[in-house]
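Starting from 1, each residue takes its place in the sequence as its number.
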Amino acid sequence: MASPADFLYSKEHEWLKLDGGVATIGITDYAQSSLGDIVYVELPKVGAQVEQFGNIGVVESVKAVSDLFTPIGGEVTEVNAAIESDPALVNREPFAGGWLFKLKVSDPSTKSALMSAADYDKLTEA
C-alpha cells in the first residue's frame, strides 16, 4: 500500500495529516503489517500535553509490544474510541478508520522534522 501523499511521516512509522491546526495521527501500513494482528492500543488521554516524538502509549500485537510516539507536539483533543473496542481496525484501515488520536498542534514549524510520503516509502523499501 502506497503512503498517502498528503500525509507526513516519522521514522518511528507514525503518520499525521494536518487540517488547519489539528493533526490526526496513526501508524503506517508498514508498521501495522510488521506488527501483525493488533490486539490492544493504549491511547493518550484527552487534554494531555505531548511533546514531539514523545512516548504516548503502546501498540500490542500477537508478535510484540511497541511504544507509540507522537510525530508532533500539542494537546490531545480526541481519541479514536472505535480502536478501544476493535484494535484490529488499525490493521484493516491504517490510513482511515484506524487513526489513533487528534491533537491541537503547539508549534506547526516542527512538522519540518517529518518526511514526505516519497521519502517514507524509500525508507521502508530499504
Taking all heavy atoms of Thr24 and all of Lys102, pick out the closest pair and write down the distance. OG1-CE, 3.5 Å
For a quick test of reading the model, state the closest non-hydrogen atom pair linking Glu51 to Thr70 and the distance between them. O-CG2, 3.1 Å
Run the numbers on Val58 and Tyr40 for side chain to side chain contact (heavy atoms under 4.5 Å, CB included), then give the verdict. CA-CA 8 Å; Val58 296; Tyr40 175 75; 4.2 Å; yes
Can you check side chain to side chain contact (heavy atoms under 4.5 Å, CB included) on Leu68 and Glu14, steps first, answer last? CA-CA 8 Å; Leu68 179 62; Glu14 285 88 19; 3.9 Å; yes
State the CG-CH2 distance between Leu8 and Trp15, to the nearest 0.5 angstrom. 11.0 Å
Could you go through Ile27 and His13, starting from their C-alpha distance and side-chain angles, then the distance that decides it, and tell me whether this counts as side chain to side chain contact (heavy atoms under 4.5 Å, CB included)? CA-CA 6 Å; Ile27 66 170; His13 308 290; 5.9 Å; no
Please check if atom CG in Asp19 has more than 12 non-hydrogen atoms from other residues, nucleotides or ligands closer than 6.0 Å. no
Is the shortest side-chain heavy-atom distance between Ile25 and Pro71 below 4.5 Å? yes
Please determine whether residues Val22 and Leu114 belong to a single hydrophobic cluster, defined as Ile, Leu, Val, Met, Phe, Trp and Tyr linked transitively by side-chain heavy-atom distances below 4.5 Å. no
NZ (Lys104) and CD (Glu78) are apart, to the nearest 0.5 Å, by 15.0 Å
Shortest non-hydrogen contact from Ile83 to Gly97? CD1-O, 4.3 Å
Should Leu16 and Trp99 be regarded as members of a common hydrophobic cluster, given that ILVMFWY residues are connected when their side-chain heavy atoms come within less than 4.5 Å of each other, either directly or indirectly? no
Indicate, with yes or no, if Val41 and Val76 share a hydrophobic cluster defined by side-chain heavy-atom contacts under 4.5 Å among Ile, Leu, Val, Met, Phe, Trp and Tyr. yes
Calculate, to the nearest 0.5 Å, the distance between atoms NZ and OG1 belonging to Lys11 and Thr124 respectively. 13.5 Å
Closest non-hydrogen atom pair between Pro94 and Gln32, with its separation: CB-CG, 4.0 Å
Interatomic distance, CG@Asp67 vs CD@Glu42, rounded to 0.5 Å, equals 9.5 Å
Verdict with supporting geometry, Phe95 and Thr28, side chain to side chain contact (heavy atoms under 4.5 Å, CB included): CA-CA 7 Å; Phe95 295 117; Thr28 65; 4.2 Å; yes
For Val90 against Gly98, the heavy-atom pair lying closest together: CG2-O, 3.8 Å
In short, Ser85 meets Pro87 closest at the heavy-atom pair C-CD, 3.8 Å
Answer yes if Leu43 and Leu103 sit in the same cluster of Ile, Leu, Val, Met, Phe, Trp and Tyr residues linked by side chain heavy atoms under 4.5 Å apart, and no otherwise. yes
Point-to-point distance, once rounded to the nearest 0.5 Å, from CD1 of Ile72 to NZ of Lys111: 8.0 Å
Following the transitive rule for hydrophobic clusters with a side-chain heavy-atom cut-off under 4.5 Å over Ile, Leu, Val, Met, Phe, Trp and Tyr, establish whether Leu35 and Leu100 coincide in one cluster. yes
Separation between CD of Glu93 and CG of Asp29, rounded to the nearest 0.5 Å: 12.0 Å
Answer yes when Arg92 and Asp86 have at least one side-chain N-carboxylate O distance shorter than 4.0 Å, and no when they do not. yes
Mind checking ring pair (Phe, Tyr, Trp, His ring centres under 6.0 Å) for Tyr9 and listing every partner two or more places apart, or none if nothing turns up? Tyr120
